[in-house]
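Below: one structure, written as structure tokens.
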2 protein chains.
Amino acid sequence: MRARAITHATPAESIGERVRATGKRMTVQRRLVLEALQQAKHHTTAEEIASRIRRQYPQIDPSTVYRNLEALEELGLVTHTHFEDRVTRWHLADAHRHGHLICRSCGAELEVPMSLLEPLAAKLRAKHGFVADLAHSAVVGVCSACASVSSR
Amino acid sequence: MRARAITHATPAESIGERVRATGKRMTVQRRLVLEALQQAKHHTTAEEIASRIRRQYPQIDPSTVYRNLEALEELGLVTHTHFEDRVTRWHLADAHRHGHLICRSCGAELEVPMSLLEPLAAKLRAKHGFVADLAHSAVVGVCSACASVSSR
DNA sequence: GCGGTTATCGCAACCAGCCGCAATAGCGGG
DNA sequence: CCCGCTATTGCGGCTGGTTGCGATAACCGC
């Protein structure tokens with residue numbers, strides 16, 4: 001029963017191959033981390049992932065989760081974003097890329113299309129030759145709701 | 001009642017008054033944190049500040065430094081910026097505001113004028129009513145030197 | 001100045017995340 | 001199908017930073 005349908009994005013089968021192609025191995029733990037990321041498809045924390053997995057496989061160590069996230073990131077399969085609270089959030093790389101706005105007063109999170117951030121990236125590239133990854137860190141500020149309240 | 005003159009610079013004396021005006025207290029430790037920030041005027045880490053102070057006053061606890069930085073930030077005397085390495089850097093609030101670019105490959109730090117970032121802030125304000133603080137987090141990416149090396 | 005209120009301190013415990021190490025287990029070759 | 005090489009695991013311990021707590025000491029009013 002080997003690789004058949006190339007349904008959409010990344011069938012579990014091909015991920016394994018991709019991992020092996022770089023000399024890395026597809027372990028149970030690694031697969032579990034990927035599954036957890038797929039299920040909680042939105043920015044999860046490593047902690048979240050770890051505890052979700054441990055409900056079923058209590059022997060899996062948190063550090064294994066951290067190392068796997070890192071390894072999968074190297075492969076380009078997952079990415080992380082820094083939010084304001086000092087925990088890092090992880091998600092599958094193929095999820096469409098977007099920027100994040102975080103309200104420092106109410107904590108609300110907004111997503112904005114990359115197209116909005118792109119002009120700045122272009123400018124940084126032109127002026128400084130700097131290839132910016134604007135999705136990597138959330139933009140902090142004050143959301144419209146909080147801004148209007150505080151100015152009243 | 002003496003609080004009165006708010007000169008815009010911040011002579012040590014008036015800082016004390018400003019602190020007291022909000023019900024906070026001007027302690028030795030707090031003064032030491034401020035002094036350390038003045039000396040190392042550019043983005044220091046809390047750790048740096050703590051160890052600098054402890055050379056003279058070994059009994060001062062790191063947590064005190066952290067709490068004081070926070071308290072001083074609430075007063076608007078100090079601000080912090082998040083760099084890539086998850087280390088927070090602190091500086092006096094009156095230091096001129098600017099953006100930061102960080103190369104994820106060589107770690108180089110570039111400073112850019114706020115005017116470069118301003119258009120994005122304006123757009124976020126217009127489209128989402130979101131008042132962004134673009135100096136708060138450094139922009140990660142790849143600097144021109146590293147970019148040209150890796151593409152060769 | 002003196003005393004009471006309470007912000008702040010130092011300490012110890014805690015948390016997310018990371019690292020070194022010995023044991024385990026994928027994977028490719030025979 | 002088995003073997004050996006070595007990536008990866010689980011564990012224990014560590015780091016940078018944060019928090020809860022009882023003790024201490026600024027500040028304000030008298």
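Hydrogens, waters and symmetry mates play no part in the numbers below; they use all other heavy atoms, side chains included. In what follows, chains are A, B, ... by sequence order, proteins preceding strands, each numbered from 1.
No hydrogens or angles were tested; on distance alone, nothing pairs the side chain of A:Arg31 with the base of C:dG26 as donor and acceptor under 3.5 Å. The base of D:dC11 sits with one of its N or O atoms less than 3.5 Å from a complementary donor or acceptor on the side chain of A:Ser63.
At the phosphate of C:dC27, OP1 or OP2 sits under 4.0 Å from a side-chain N or O atom of A:Arg20. Taking only side-chain nitrogens and oxygens, A:Thr64 never comes nearer than 4.0 Å to OP1 or OP2 of D:dT9.
Nucleic acid contact class of A:Arg30 (heavy atoms, under 4.0 Å, all strands): sugar-phosphate only. Using a 4.0 Å heavy-atom criterion, one finds that B:Thr45 contacts no nucleic acid atom at all.
Looking at which nucleotide of DNA chain C each of B:Asn68 and A:Thr27 is closest to, the 5′-most match is held by B:Asn68.
The side chain of A:Val87 lies closest to C:dA16 when the candidates are C:dA16, C:dG26, D:dA25.
Atom pair A:His80:NE2 and C:dC18:P shows a separation of 9 Å (rounding to whole Å applied).
Checked for salt-bridge contact, A:Asp133 and A:Arg97 meet the test: a charged N lies under 4.0 Å from a carboxylate O. Between A:Arg31 and A:Glu35 no salt bridge is recorded (no basic side-chain N to carboxylate O distance below 4.0 Å).
Judged as a salt bridge (Lys or Arg N to Asp or Glu O under 4.0 Å), and not counting sequence neighbours, B:Lys127 has no contacts.
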